[in-house]
2 protein chains.
Amino acid sequence: MARTTGSHCDITGPKVRRAALTLFARHGYAAVSMRQIAGAVGVQAGALYNYTPDKQTLLFSLMQGHMEALLTARADLPSPEDPVEGLEGFERFHIHFHLARPDAVFIAYMELRNLEPGNFAEIERLRRAYEDALEDILRAGVAAGVCDIPDTRIATRAVIAMLTGVMTWYRADGLLTPDALADCYWSMTQAMVGAG
Amino acid sequence: MARTTGSHCDITGPKVRRAALTLFARHGYAAVSMRQIAGAVGVQAGALYNYTPDKQTLLFSLMQGHMEALLTARADLPSPEDPVEGLEGFERFHIHFHLARPDAVFIAYMELRNLEPGNFAEIERLRRAYEDALEDILRAGVAAGVCDIPDTRIATRAVIAMLTGVMTWYRADGLLTPDALADCYWSMTQAMVGAG
DNA sequence: GTCTATAAGGTGATAGAC
DNA sequence: GTCTATCACCTTATAGAC
């Protein structure tokens, strides 16, 4: 017979994070109450405070976890000599990583304004580090004469905006596979930075 | 002597809309209370209901107004024969229109999930109409052999995502003028769709 | 670790005086 | 058209029983 009370520390923690991720992505941080999260987990609201000191820290922790996973996975990519190869690796990584985590990506972009100043600064720092990784590649491409862009920093942001834009319309149940999508965006990325 | 009560119908209505626009953009619809909006306007909360039946309608009205202004202004653009000229006109219009209305743009992208289903469908319809205008240009460019893109619909969304991405980092007090920015994005747009 | 109960305060929206 | 007062409800977070 299933216990409805007692010790569940091993599973409740992750369940809280998953429920919060889903609900924050769907309705927005400010529109989701601790009671709703608790309801989705199957506990009472008070029990959530065994896993987070407050709602704000829960949001921050989700965003920080996402950004650190993004940076770690990016750092594990091979670093080819050829800047165009490096750009292709970055582009395919970006598409696949983002498609696999739509809720976390949504939150990382939409909930920045709901972070307290210190938390915002930390997430901004991580986001900047990711941008810098792409900018390094583009700068190397310009230096090697295989890229033609008007401004390295703006082109960096433009590429990331274009690639991340896939999240606003792609549905996993469509006809396009993630690989086909990455192919499509790679050809546009290449053209955009003059690396055809 | 200034009256603190009485008839102000001519000015309070617009002030309510402006205050709501600013506050929704800064903190998010769900995080802003009617009392906060009233405070920004300089009235009590109850007075707001002379100008909107409820909070949801206020949000919808702001988004609808923005999207209709966007479509109207777009429709007033010249329609040159040359698809590349048409694309350049669209691109420069998009940058300037968006830079001039950062709060409205922010709301139109971020608050979609806070719309009730019927309201959401209407905003989606308007957004789709705007996308279609660009897609028509790109399709004409492909037909004329002056554009080279892998998929017209995806390229349409990619161009809009890239251009709208300027909103996440551009600050009016920076060194870059809107015209210089539009130049920069035009060269990237051109390259992206193979219309160099 | 989870529960119930509660504190302290905010929410959207309305009624009726002026 | 705006005010004050109010309704009915929801909010985050905590305290103490089990």
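The shown structure was predicted, so the numbers you read here are calculated from the model rather than taken from an experiment. Just so we're on the same page: letters track the sequence lines, and every chain starts at 1. Hydrogens, waters and symmetry mates play no part in the numbers below; they use all other heavy atoms, side chains included.
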Describe, in one word, how the ring planes of A/His66 and A/His98 are oriented to each other, choosing from parallel (under 30°), tilted (30 to 60°) and perpendicular (over 60°). perpendicular
Rounding to a whole Å, what distance do you find between A/Asn50:CG and C/dG1:C1'? 6 Å
Rounded interatomic separation in angstrom, taking CG from B/Leu59 and P from C/dA13: 12 Å
Do the side chain of B/Arg35 and the base of C/dG10 come within less than 3.5 angstrom through a donor-acceptor pair of N or O atoms? no
Find the distance B/Lys55:NZ to C/dT11:P and express it as a whole number of Å. 8 Å
Does A/Thr12 have a side-chain nitrogen or oxygen under 4.0 Å from the phosphate oxygens OP1 or OP2 of C/dG1? no
Inspect the contact between B/Arg153 and B/Glu131 and indicate whether a charged nitrogen and a carboxylate oxygen are less than 4.0 angstrom apart. yes
Closest nucleotide of DNA chain D for B/Gly46 versus for A/Tyr49: which of these residues is on the 5' side? B/Gly46
Measure the acute angle between the ring planes of A/Phe90 and A/His94, then classify it against the limits of 30° and 60° as parallel, tilted or perpendicular. parallel
Check the surroundings of atom CG in A/Asp148: do more than 12 heavy atoms from other residues, nucleotides or ligands lie under 6.0 Å from it? no
So does B/Tyr51 get a side-chain nitrogen or oxygen closer than 4.0 Å to the phosphate oxygens (OP1/OP2) of D/dT2? yes
What does B/Val32 touch in the nucleic acid at a heavy-atom separation under 4.0 angstrom: a base, only the sugar-phosphate, or nothing? sugar-phosphate
Just the rounded figure in Å: distance from P of C/dG10 to NE2 of B/His27. 16 Å
Separation of C/dG12 atom P from B/Gln36 atom CD, nearest Å, is 9 Å
Take a 6.0 Å sphere around CZ of A/Arg18 and say whether it holds more than 12 heavy atoms from other residues, nucleotides or ligands. no
B/Asp54 side-chain proximity, nearest of D/dA13, C/dA13, C/dT2: C/dA13
Which of D/dT4, C/dC3, C/dA13 is nearest the side chain of B/Gln44? It is D/dT4
Nearest whole angstrom, please: distance from the C1' of C/dT4 to the CG of A/Leu48. 15 Å
In whole angstrom, what separates B/Asn114's CG from C/dG12's C1'? 15 Å
If you only use heavy atoms from C-beta on, which nucleotide in D/dG1, D/dC3, C/dT2 is closest to the side chain of B/Ala47? D/dC3
Between P on D/dT11 and CD on A/Gln56, what's the gap in Å once rounded to a whole number? 18 Å
Please check the phosphate of C/dG10 (OP1 and OP2 only) for any side-chain N or O of B/Ser33 closer than 4.0 Å. no
